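Note that this is a predicted model, so its numbers are computed, not measured. When a residue number appears, it is its place in the shown sequence, counting from 1. Just so you know, ligand 1 is whichever comes first in the structure, and atom 1 is the first atom listed for that ligand. Below, all heavy atoms of this structure are taken into account, side chains as well, without hydrogens, waters or symmetry copies.
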Amino acid sequence: MKHIKVNDLLNNTKTLQEVTAKGWVRSFRNNQFIALNDGSTINNIQCVIDFENTPEETLKRITTSAAISVTGTLNESQGKGQSVEIQVTKIEILGDSDAEKYPIQLRNKPSLEFLREQAHLRVRTNTFSAVMRVRSTLSFAVHQYFQENGFFYVNTPIVTGSDAEGAGEMFKVTSLPFDETPRNAEGKVDYKEDFFGKETNLTVSGQLEAETYAMALGQVYTFGPTFRAENSNTSRHLAEFWMIEPEVAFNDLDANMDLAEDFIKHVIKYTLEKCEDDLKFLEDRLLDEEKSKPQAERSEMSLLEKLNFILDNNFKRVSYTEAIDILKNSTPNKKKKFNYIINEWGADLQSEHERFLVEKHFKCPVILFDYPANIKAFYMRLNENTEPGKETVRAMDILFPGIGEIVGGSQREERLDVLLEKMKNLGIEEEELWWYLDTRRFGTAVHSGFGLGFERLVLFVTGMTNIRDVIPFPRTPQNAEF
Ligand code: 4AD
Ligand code: MG
């Protein structure tokens, strides 16, 4: 008999018919009630065993995380908490799970930190299955938004010779032997002998390649893994993370901000509609977690209120210069509560400053724009008529409550001469980026784009607080298990 998914049994199937369900045991109570979950929903289906007619041997094998198949009649449930249940007539143990050895003992409320060490099994818990279903829905919504708005999906390379961000935080890709690397006449590693005949690395961003595609297809987006060898051991950084990078020909920075805001609202709205049960569960989880915190540290809004707040409000657009004024005059700056005190225009903003602006000052998502040129990447459009020494670029960062920077983007420098001058000053070799510069040589035009860190979005939508808990197998400094 074909088995029916638990989600369908709970929602769509007529009662009083014979059904089969397959899944993993979440709990087994009184030798009678199995809570069965198959991953299709946060909800379990209750399976009622006729224990008098079930061999003792079988009952013993109904343990947490055992895989089972049950057949029986779907009845309206007498107990509270569920609408239907299966009155079991036949049970088959598909795969045993030794209760003594199973690492996740739910009774002991395992911590998120502990569960990270069991990343292959943690997805069998309510919290992680909910997070991963939400993550999947969000990625569908990403594609849906762009596909429905005339964007083309472009797969930019994972292995590349360029450092798109110019920050030098790259993982090398090589097939050269470590102990006997071939050397050239100057004694330097001879990359001509390497697999690709040149120095290569894992991509930090698909932007530069995406720009070349935008200059032909008009509107494109990437959605793929990116890698950063930055030694940031924080709850917001991964060494391997997924980034979404749209790039649009003829868009200026204002249109870029409009796109980012509309896009984020769409994916959140879609996920609110599709993941009602999971988000409700995550909201309750968060409330529960916050009970242990002092009142002042608890969020003012519940998870669903926070998500709806994003949909109902415009993001506040603030220039870097205005933001610096606000920060300079802020209480934590004056009382020296910030780790980095803001003294003057030109300072790079730390996450403490970004969070102050979003969480304390504006209390809504903020788009900061027009940053000082020398704290941003080489490809950003230089603003005209700025004072010497106070040059700004058409950059924008979107800051979210509880997250800080979720999006980084800009209008791109489309003028060949200005771009070449900038690269020269930063020591970026023209020969390295000849293909990128060709877009400025042949039919250049105003264009813009941004990058959204997918895991930071998943963090925000699920209300989780550590980025390691929203990607299946996190890669961070000193950790690449699984
Ligand atoms: O601000 P970033 O470095 O911008 C770029 O890479 C541009 N090339 C994007 C573009 O304009 N096409 O990164 C973009 C976003 C950040 O705002 C953040 O959300 C995320 O990527 N991000 C990270 N997420 C997790 N772990 C890390 N180590 C991250 N670094 C950046
Ligand atoms: Mg950034």
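Looking only at distances, no side-chain donor or acceptor of N108 sits under 3.5 Å from a matching main-chain atom of P110. Side-chain atoms of E290 come within 3.5 Å of backbone N or O of S299 as a donor-acceptor pair. Panel note: side chain N479, backbone R475; no donor-acceptor pair is recorded below 3.5 Å. A donor-acceptor distance shorter than 3.5 angstrom exists from the side chain of K265 to the backbone of N313, with no hydrogens or angles considered. E359 places no side-chain N or O within donor-acceptor distance of the main-chain N or O of F356, the cut-off being under 3.5 Å.
At a 4.0 Å cut-off, at least one heavy atom of M243 sits close enough to ligand 1 to count as contact. In this structure, Y379 counts as a contact residue of ligand 1, since one of its heavy atoms falls inside 4.0 Å of the ligand. The shell of residues lying under 4.0 angstrom from ligand 1, judged by heavy atoms, includes G409. In this structure, E240 has no heavy atom closer than 4.0 Å to ligand 1.
Among Q411, R394, R415, the one residue that satisfies the side chain to side chain contact (heavy atoms under 4.5 Å, CB included) test with L382 is R415. A ring-ring contact (aromatic ring centres under 6.0 Å, His included) with F315 is found for exactly one of F263, F400, F309, F369, namely F400.
Taking the six-membered ring where the residue is Trp, the centroids of Y270 and F140 are separated by under 6.0 Å. Taking the six-membered ring wherever Trp is involved, the centroid distance between the rings of Y436 and Y379 does not fall below 6.0 Å. Taking the six-membered ring for Trp and the full ring otherwise, Y221 and Y153 have centroids separated by under 6.0 Å. In summary, the aromatic rings of F227 and F171 are positioned with their centroids too far apart to meet the 6.0 Å limit.
Contact annotation for T226 and ligand 1: no heavy atom of the residue comes within less than 4.0 Å of the ligand. Within the 4.0 Å heavy-atom criterion, the part of R412 lying near ligand 1 is the side chain and not the backbone.
At the top of the distance list for atom 4 (O) of ligand 1, counting protein heavy atoms only, stands E165 OE1, 4.0 Å. Nearest protein heavy-atom contact of atom 19 (O) of ligand 1 is I406 O, 2.8 Å. The protein heavy atom nearest to atom 20 (C) of ligand 1 is G453 CA, 3.6 Å. Protein heavy atom nearest atom 18 (C) of ligand 1, with residue, atom name and distance: R456 NH1, 3.6 Å.
Nearest N/O/S atom of E405 with respect to the Mg ion (ligand 2) is recorded as OE2.
Close approach of ligand 1 to V407 is summarised as follows: ligand atoms under 4.0 Å from at least one heavy atom of the residue are 17 (O). Atoms of ligand 1 lying under 4.0 Å from at least one heavy atom of R236, given by number and element, are 25 (C), 26 (N). The contact set between ligand 1 and G408, taken as ligand atoms under 4.0 Å from a residue heavy atom, comprises 1 (O), 9 (C), 10 (C), 11 (O), 17 (O). Close contacts between ligand 1 and S205 involve ligand atoms 6 (O), 8 (N) [criterion: under 4.0 Å to a heavy atom]. Near E230, meaning under 4.0 Å from one of its heavy atoms, ligand 1 places the atoms 27 (C), 28 (N), 30 (N).
Of the listed residues (F450, F241, F227), the one carrying the non-hydrogen atom nearest atom 29 (C) of ligand 1 is F241. Between E245, H237, R228, it is R228 that holds the heavy atom closest to atom 13 (O) of ligand 1. Proximity annotation for atom 16 (C) of ligand 1: of M396, E405, Q207, E247, E405 comes nearest, heavy atoms only.
At under 3.5 Å, not a single nitrogen or oxygen of I467, backbone or side chain, sits near a nitrogen or oxygen of ligand 1. Checked against a 3.5 angstrom limit, the closest N/O atoms of L452 and ligand 1 fall outside it.
F482 and F473 have tilted rings, their planes meeting at an angle from 30° to 60° on a 0 to 90° scale.
Residues P474 and F241 are not in side-chain contact: their nearest non-hydrogen atoms beyond the backbone lie 4.5 Å or more apart.
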